[in-house]
J.: 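I have a structure I would like to understand better, so I am pasting it below and will then ask my questions one at a time.
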4 protein chains.
Amino acid sequence: MGVAKPRETVAKGEPAGSGAKGGRREQLLEVAVELFATKGYAETTMRDIADATGILAGSIYHHFASKEAMLDEILRGFLIPLHERFAAVEREGGGPRETLSELIRISFSCIHDSPHAVAVYQNETDNLLRQEAFAYVGEHSARIEQIWLRVLRAGQESGAIRPDFDAKVAYLFIRDAIWSAVRWYRPGGQLRPETVADQYLDLLYGGLV
Amino acid sequence: MGVAKPRETVAKGEPAGSGAKGGRREQLLEVAVELFATKGYAETTMRDIADATGILAGSIYHHFASKEAMLDEILRGFLIPLHERFAAVEREGGGPRETLSELIRISFSCIHDSPHAVAVYQNETDNLLRQEAFAYVGEHSARIEQIWLRVLRAGQESGAIRPDFDAKVAYLFIRDAIWSAVRWYRPGGQLRPETVADQYLDLLYGGLV
Amino acid sequence: MGVAKPRETVAKGEPAGSGAKGGRREQLLEVAVELFATKGYAETTMRDIADATGILAGSIYHHFASKEAMLDEILRGFLIPLHERFAAVEREGGGPRETLSELIRISFSCIHDSPHAVAVYQNETDNLLRQEAFAYVGEHSARIEQIWLRVLRAGQESGAIRPDFDAKVAYLFIRDAIWSAVRWYRPGGQLRPETVADQYLDLLYGGLV
Amino acid sequence: MGVAKPRETVAKGEPAGSGAKGGRREQLLEVAVELFATKGYAETTMRDIADATGILAGSIYHHFASKEAMLDEILRGFLIPLHERFAAVEREGGGPRETLSELIRISFSCIHDSPHAVAVYQNETDNLLRQEAFAYVGEHSARIEQIWLRVLRAGQESGAIRPDFDAKVAYLFIRDAIWSAVRWYRPGGQLRPETVADQYLDLLYGGLV
DNA sequence: AATGAATGAGAGTTCATTCAT
DNA sequence: TATGAATGAACTCTCATTCAT
């Protein structure tokens with residue numbers, strides 16, 4: 001029930017000099033994230049992942065300690081870099097509006113680059129927060145929220161953003177509007193991520209009217 | 001294999017004059033929708049539902065034909081009335097902006113009244129669309145989308161809404177921003193649904209700047 | 001919902017050169033056919049089969065897709081070879097009386113070799129015919145019946161068999177008399193299958209009087 | 001697991017002066033025997049019986065102590081009178097051949113009158129013999145077998161029947177040929193029971209040749 | 001007599017996981 | 001590394017039976 005303690009296999013990087021060996025690991029992770037995103041984590045079986053990879057279910061355990069370890073690796077690989085990119089943008093210290101725009105552009109490029117990981121993050125976070133082993137998900141999410149709130153409030157103070165609404169509500173509004181796009185945005189589809197980002201920015205700044 | 005045909009017990013209404021009779025059915029449905037929303041449909045077991053209701057798992061089948069039948073009843077009870085309310089607003093034929101505002105207010109009142117059903121709808125729809133028995137979910141969703149699109153386009157034609165962006169993108173933006181609120185909105189919390197609706201309307205119409 | 005498609009494990013043959021490998025599959029089938037014959041298909045549980053084999057019930061599913069798939073394999077393994085043997089005898093084109101005798105001898109040798117499968121076939125066919133997945137049982141049975149009828153009618157025309165009764169009634173009489181022997185015939189008992197066959201042939205041809 | 005001790009309800013006859021009261025009991029028994037014969041005893045649920053009768057499953061227990069009690073009553077109602085009719089024929093002391101013919105005619109008339117009970121007897125006896133509560137089934141069957149054997153042997157001694165085969169084998173041959181007819185004989189069909197009986201007698205006495 | 005709610009045991013089946021090879 | 005057999009717990013669902021009304 002609890003999250004299995006990750007063994008070395010979970011965290012270990014590419015063994016140097018092993019050539020194509022690690023390819024199977026990446027392949028499994030790619031297959032897993034797609035299935036987790038598409039069918040849901042609980043609904044995806046190790047057999048599903050193994051079948052799509054062309055090995056047997058039991059063999060996955062040579063690469064990952066557990067199903068949860070796969071989820072863990074997926075979420076860390078998505079959440080930590082995202083947090084770092086957001087923090088970097090904030091550190092650059094541009095104007096609030098430019099910073100806000102950059103946060104939004106990063107979000108869309110993230111949806112573009114890792115739509116499956118984003119979907120998994122969105123769909124599974126609620127359940128995960130109750131599990132100790134996934135506490136870091138909540139922590140990174142909270143720090144990311146703080147970045148958004150600081151930027152929004154700085155914008156309100158500087159006059160770049162209207163001061164007449166609650167920053168928290170605005171944050172939630174923006175966050176949900178952006179991240180939910182993962183449900184319909186298709187990387188290979190008609191809409192380019194920059195286009196969507198620009199339309200969203202336009203809607204967000206200028207409003208419907 | 002799709003939602004099993006409900007037995008007689010399923011379709012029959014409240015036994016007349018029996019006061020609290022039939023309460024067990026409603027109680028089970030309330031417990032189920034909360035668990036489905038909180039833990040997810042697949043992750044909720046019949047035992048979970050039974051335990052929370054104070055009966056044995058097998059006894060649920062006296063009231064519902066299957067777990068899927070419970071989900072079915074929950075979704076129908078949420079989706080069909082919502083569709084009807086939207087359709088009624090459109091039929092009233094007010095101005096595009098008033099109509100749009102009303103759609104948004106209805107959405108928030110729906111989140112307020114049935115947050116669990118909304119969450120279930122949001123979380124499970126993706127998987128459900130693949131199942132024949134839940135085709136009606138896709139159909140109602142599509143008709144609801146058409147209502148939003150008609151209203152948005154009417155607004156653009158009448159000049160009430162900016163014409164310089166794609167109605168479909170705007171719809172998705174609005175839809176996601178609103179319905180995702182179910183993830184953080186708590187009926188008993190500080191924020192009143194009307195307040196949230198008004199802030200969202202304000203953000204939406206006027207923009208951040 | 002009919003017999004589930006066997007997974008890869010089901011269709012694959014004996015792993016070459018592995019000696020006793022795959023024995024578990026056969027062992028399970030032998031245990032299953034005996035239990036199905038003795039207790040009845042519905043009354044036999046997967047746990048019964050597993051217990052008698054020395055594994056856990058869930059482990060059966062490593063070898064067979066379902067209980068029904070086991071029944072299916074048992075029936076095919078009995079019915080198709082039997083049909084082929086009957087058809088081969090008919091093709092040989094001996095005289096009607098020799099052919100008839102041969103059909104009867106084959107029947108008894110079949111009861112001798114696979115008494116359990118015969119019993120399962122006899123006891124479960126009625127219920128099975130209603131299921132689409134077991135349509136082949138009805139089809140083979142019908143073709144076997146046609147062989148018997150052709151042989152009987154040829155015998156009547158050639159004068160080798162009395163012409164004064166209905167071939168269909170005679171077929172049913174013979175079929176039931178023979179196949180019901182599975183209920184009392186014991187392969188290891190006093191009566192040899194050839195003896196029983198001969199006595200039956202004698203009774204059948206010469207009558208009681 | 002064991003057969004429930006029959007309560008008074010099981011054995012009690014028609015309460016005098018209760019008018020149509022017992023009709024429901026008979027109705028249930030008729031429905032049950034048909035379902036037991038058609039689907040098998042184990043495969044028939046109390047709900048099946050109740051549905052076909054127009055009451056709820058629980059209500060059956062006002063008339064019968066258990067499902068097994070219904071089976072018990074069905075088998076007794078078939079087996080005991082049959083045994084008595086056979087015994088009466090034997091007591092009459094006609095010639096062996098006339099007696100044998102009469103046994104066969106009685107058998108066919110029994111199939112004609114109570115095809116469902118005969119089918120249940122044939123299909124379920126094997127399993128039943130292992131249960132203490134159904135010991136009487138084995139006992140009556142054994143006594144019936146003895147009657148047949150006495151008649152056959154008397155026939156062989158008197159020269160009315162060929163002496164050159166084992167009476168036991170002949171008995172099994174006859175029994176199976178006759179009783180199996182229940183599988184295809186339909187009371188309302190083309191073949192009259194007397195016709196079938198006569199054809200069987202003819203086949204039996206004169207043989208095929 | 002009948003209802004309808006509930007029980008509790010057990011059914012077939014699934015699945016993450018382990019491990020000898 | 002991968003296989004394939006097995007585990008064991010949990011799952012959805014069924015059903016004979018009980019009992020207050």
Side-chain angles (χ1 to χ4, degrees), chain A residues 1 4 18 21 24-25 42-50 53-70, chain B residues 4 8-9 12 15 18 21-25 42-50 53-69, chain C residues 4 8-9 12 15 18 21-25 42-50 53-68 70, chain D residues 1 4 18 21 24-25 42-50 53-70:
Chain A
M1 275 298 146
S18 57
K21 286 286 180 56
R24 184 47 56 86
R25 241 184 92 81
E43 290 86 351
T44 301
T45 72
M46 293 301 260
R47 200 170 191 274
D48 289 335
I49 300 171
T53 311
I55 62 174
L56 291 186
S59 306
I60 298 178
Y61 291 83
H62 283 285
H63 303 279
F64 298 94
S66 66
K67 191 182 169 189
E68 241 174 16
M70 301 187 86
Chain B
E8 321 88 70
T9 51
K12 85 163 162 255
S18 52
K21 279 290 181 55
R24 186 43 62 84
R25 236 185 96 81
E43 292 86 349
T44 300
T45 73
M46 292 303 259
R47 264 182 192 60
D48 289 336
I49 299 171
T53 311
I55 61 175
L56 291 183
S59 304
I60 298 179
Y61 293 83
H62 192 65
H63 302 278
F64 298 93
S66 66
K67 190 184 172 187
E68 222 177 32
Chain C
E8 319 90 72
T9 51
K12 84 166 163 254
S18 53
K21 278 288 182 55
R24 188 43 61 87
R25 236 184 95 80
E43 292 85 352
T44 301
T45 73
M46 293 302 262
R47 280 170 181 83
D48 289 336
I49 300 171
T53 310
I55 60 174
L56 291 184
S59 304
I60 299 178
Y61 292 84
H62 193 64
H63 303 278
F64 298 94
S66 66
K67 189 183 172 188
E68 222 176 31
M70 300 188 87
Chain D
M1 277 299 147
S18 56
K21 287 285 179 57
R24 184 46 57 86
R25 239 184 94 80
E43 290 86 352
T44 301
T45 72
M46 294 300 260
R47 200 170 191 275
D48 289 335
I49 300 171
T53 311
I55 61 175
L56 291 185
S59 306
I60 298 178
Y61 292 83
H62 283 284
H63 302 279
F64 298 93
S66 66
K67 191 182 169 188
E68 239 173 16
M70 300 186 87

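Keep in mind the model is a prediction, meaning the values are calculated, not measured. We name chains A, B, ... by the order of the sequence lines, and we start the count at 1 in each one.
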J.: Pick base, sugar-phosphate or nothing for B:Thr53, based on heavy-atom distances below 4.0 Å to the nucleic acid.
T.: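 Here B:Thr53 touches no strand at all.
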J.: Under 4.0 Å: is that the gap between some side-chain N or O of B:Ser59 and OP1 or OP2 of E:dT7?
T.: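 For E:dT7, OP1 or OP2 has a side-chain N or O of B:Ser59 closer than 4.0 Å.
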J.: Do side-chain atoms of A:Arg47 reach the backbone of A:Ala57 as a donor and acceptor pair under 3.5 angstrom?
T.: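 Checking the backbone N and O of A:Ala57 against the side chain of A:Arg47, no donor-acceptor pair under 3.5 Å is found.
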J.: Could you tell me how far apart C:Asp48 (CG) and E:dG12 (C1') are, to the nearest whole angstrom?
T.: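 Nearest whole value for this atom pair: 12 Å.
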J.: Could you check whether B:Thr45 gets within reach of a base, just the sugar-phosphate, or nothing at all, counting any heavy atom under 4.0 Å?
T.: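 Sugar-phosphate, backbone atoms only, no base.
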J.: Would you mind reading off the distance between D:Met70 atom CE and F:dT17 atom P, rounded to a whole angstrom?
T.: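 About 11 Å, once rounded to whole Å.
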J.: Taking all heavy atoms of A:Arg25 and all of A:His63, pick out the closest pair and write down the distance.
T.: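 For A:Arg25 versus A:His63, the nearest heavy atoms are NH1-O, 2.8 Å.
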J.: Nearest nucleotide by nearest heavy atom, which residue falls closer to the 5' end of DNA chain F, B:Thr44 or A:Gly54?
T.: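 The answer here is A:Gly54.
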J.: Among F:dT1, F:dA6, E:dA16, which is the nearest nucleotide to the side chain of A:Lys67?
T.: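 Between F:dT1, F:dA6, E:dA16, the one nearest the side chain of A:Lys67 would be E:dA16.
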J.: Side-chain contact test, heavy atoms from C-beta onward, threshold under 4.5 Å: evaluate it for C:Ile60 versus C:Met70 and give yes or no.
T.: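 With C-beta onward as the side chain, the pair touches.
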J.: Between C:Leu56 (CG) and F:dG8 (P), how many Å, whole number?
T.: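 After rounding, the reported distance stands at 6 Å.
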J.: Choosing from E:dA16, E:dA5, E:dA1, which nucleotide comes nearest the side chain of B:His62?
T.: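 From the listed options, E:dA5 comes nearest.
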J.: Let me know the distance between CD1 of B:Ile60 and P of E:dT7, rounded to the nearest Å.
T.: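 Interatomic distance, CD1 of B:Ile60 to P of E:dT7: 11 Å.
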J.: With a 4.5 Å cut-off on side-chain heavy atoms, are B:Thr53 and B:Arg24 touching?
T.: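 Side-chain contact under 4.5 Å: yes.
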J.: To the closest 0.5 Å, what do you measure between CG (C:Leu56) and OG (C:Ser59)?
T.: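 These two atoms lie 5.0 Å from each other.
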J.: Quick one: which of E:dT13, E:dA6, F:dA5 gets closest to the side chain of B:His63?
T.: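 Minimum distance to the B:His63 side chain belongs to E:dA6.
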J.: Choose from F:dT3, F:dA6, F:dT17 the nucleotide whose nearest atom is closest to any side-chain atom of A:Ile55.
T.: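 Per side-chain heavy atoms of A:Ile55, the pick is F:dT3.
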J.: Using Watson-Crick or G-U wobble pairs with both distances under 3.5 Å, give me DNA chain E in dot-bracket, 5' to 3', with [ ] for crossers and | for pairs to another strand.
T.: .||||||||||||||||||||
J.: Send over the distance from C:Phe64 CZ to F:dG4 C1', rounded to a whole Å.
T.: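 Value for this atom pair: 15 Å.
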J.: Closest to the B:Met46 side chain: F:dT3, E:dT13, F:dT12?
T.: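 Within the option list, the nearest is F:dT12.
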J.: Among E:dT17, E:dA11, E:dA1, which nucleotide sits nearest the side chain of C:Arg47?
T.: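 The listed nucleotide nearest to C:Arg47's side chain is E:dA11.
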J.: Round to the nearest Å and state the distance from D:Tyr61 atom OH to F:dA20 atom P.
T.: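 Taking OH of D:Tyr61 and P of F:dA20, I get 17 Å after rounding.
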J.: Take the protein atom CD of B:Glu68 and the nucleotide atom P of F:dC11, then report the distance between them rounded to whole Å.
T.: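 Between P of F:dC11 and CD of B:Glu68: 18 Å.
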J.: Check every atom of F:dA5, F:dT14, F:dT17 against the side chain of D:Ser66 and return the nucleotide holding the closest atom.
T.: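 Of the options given, the side chain of D:Ser66 lies nearest F:dT17.
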J.: Take the protein atom CD of D:Glu43 and the nucleotide atom P of F:dT14, then report the distance between them rounded to whole Å.
T.: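 Those two atoms, CD and P, are 16 Å apart.
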J.: Roughly how far, to the nearest 0.5 Å, is the CD1 atom of D:Ile55 from the NE2 atom of D:His62?
T.: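 Between D:His62 NE2 and D:Ile55 CD1, I get 9.0 Å after rounding to 0.5 Å.
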J.: If you check the A:Arg24 side chain, which of E:dG4, E:dA16, F:dA2 turns out closest?
T.: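 Shortest atom-to-atom distance from the side chain points to F:dA2.
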